[in-house]
Amino acid sequence: MRYWLMKSEPDEASIDDLAKAPQRTLPWTGVRNYQARNFMRDIMKIGDGVLFYHSSCPEPGIAGIAEVSSTPYPDPTQFDPKSDYYDAKSTQETPRWTLVDVVFKKKIQLIPLAELRAHPELADMRVLAKGNRLSITPVTEAEWAFITKQLAKQTA
DNA sequence: GCCAACGTTGGC
DNA sequence: GCCAACGTTGGC
C-alpha cells in the first residue's frame, strides 16, 4: 500500500468533478510524462491513497482525498485525433500511455501550497522540491499520516 | 505575463 | 551519446 500526490487542473478535473462523476470515479487521462506514467503502470495498486492536488489555478493546494481504483490500462485519449492528448505515435497494439482510475474519498478544506511549505514535517515532500514539475509524486507514509490526520479538515 | 526549471527532440 | 534548442509546467 502506497501513497501518492496527483496534480489536476481544476478547470479540467476538480475534486468536485470527481465527486460528481459516475461511481465517483475518473480515469486519470492526459499524463504525457514517462516517469508519471511509470508510477501508474508499474507501481500503483488498487487501494493506494491519493492526495488530490489542484494546480495551475488561483489557489493551488490539496483539495481532497482519493484512491486508486483500477489496474493500469491504455489512456483512450491517446487514440483520439480530436483530443488535446492525441499521440500520433501511439498505436492500439503498443500503446504508449497508461493510466489508472481514481475514486473519490472525501473533499477537505483546501490545504494551500504555502501551508504545506510551512510544515517542517513536510519539508522533504517530492512535490515541494525546487523545480518539481512531475504531476504524480510518491508520498511517504509519515507525510500521508501528517496530512490526513493533522491538516485535513472535513468540509462543512 | 513572467520566468525558472525541467523534459523532449533532433542534428551531429 | 552529447547537447543546444525548444516546448511545457506551474507558481507568482
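Naming convention: chains lettered A, B, ... in sequence-line order (proteins, then strands); numbering from 1 in each chain. Keep in mind that the numbers below use all heavy atoms, side chains included, and drop hydrogens, waters and symmetry copies. Since the structure is predicted, the reported quantities are computational estimates derived from the model, not experimental observations.
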Give the rounded distance in Å between these two atoms: [atom1] of [X] and [atom2] of [N].
X	N	atom1	atom2	answer
A:Glu115	C:dG11	CD	P	16 Å
A:Met6	C:dT9	CE	P	16 Å
A:Asp84	C:dT8	CG	P	11 Å
A:Gln35	B:dG7	CD	P	7 Å
A:Asp87	C:dT8	CG	P	14 Å
A:Glu9	C:dG10	CD	C1'	8 Å
A:Leu113	C:dT9	CG	P	18 Å
A:Leu134	B:dT8	CG	P	10 Å

With a 4.5 Å heavy-atom cut-off, do A:Phe52 and A:Ile65 have their side chains touching?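 Not touching, per the 4.5 Å side-chain cut-off.
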Of A:Leu113, A:Thr148, A:Ile147, which meets side-chain contact (heavy atoms from CB on, under 4.5 Å) against A:Ile62?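 Testing A:Ile62 for a side-chain contact (heavy atoms from CB on, under 4.5 Å) against A:Leu113, A:Thr148, A:Ile147 leaves exactly one candidate, A:Ile147.
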Phosphate contact (C:dT9 OP1 or OP2) by A:Lys7 side-chain N/O below 4.0 Å: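 Answer is no, no contact under 4.0 Å.
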For a quick test of reading the model: is some side-chain N or O of A:Tyr53 closer than 4.0 Å to OP1 or OP2 of C:dG11?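 Looking at the OP1 and OP2 atoms of C:dG11, one of them is under 4.0 Å from a side-chain N or O of A:Tyr53.
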Transitive ILVMFWY side-chain link A:Phe104 to A:Tyr3, under 4.5 Å: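 Different hydrophobic clusters.
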Rounded to the nearest 0.5 Å, how far apart are OG1 of A:Thr77 and CG of A:Leu99?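 Going from OG1 on A:Thr77 over to CG on A:Leu99, the span is 7.5 Å.
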With the threshold set at under 4.0 Å for non-hydrogen atoms, list the residues of residues 125-133 of chain A touching DNA chain B in residue-number order.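 DNA chain B contact set from residues 125-133 of chain A: A:Lys130, A:Gly131, A:Arg133.
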Between A:Tyr85 and A:Trp28, is the ring centre distance below 6.0 Å?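 No, the ring of A:Tyr85 stays outside the 6.0 Å limit from the ring of A:Trp28, centre to centre.
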Can you confirm whether or not the ring centre of A:Phe79 sits under 6.0 Å from the ring centre of A:Trp97?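 No, they do not, as the ring centres are separated by 6.0 Å or more.
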Taking five pairs at each end of the helix from B:dG1-C:dC12 to B:dC12-C:dG1, what angle separates the two helix axes (nearest 10°)?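 So the angle between the two local helix axes works out to 10°.
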Could you check whether A:Arg2 pairs with A:Asp48 (Lys NZ or Arg NE/NH1/NH2 to Asp/Glu carboxylate O, under 4.0 Å)?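 No, A:Arg2 and A:Asp48 are not salt-bridged.
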For A:Glu121, does the CD atom sit with more than 12 other heavy atoms under 6.0 Å from it, leaving out its own atoms?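 It does: A:Glu121 CD has more than 12 such atoms within range.
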Has the side chain of A:Gln78 got a donor or acceptor atom that lies under 3.5 Å from a matching backbone atom of A:Arg96?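 Side chain of A:Gln78 to backbone of A:Arg96: a pair is present.
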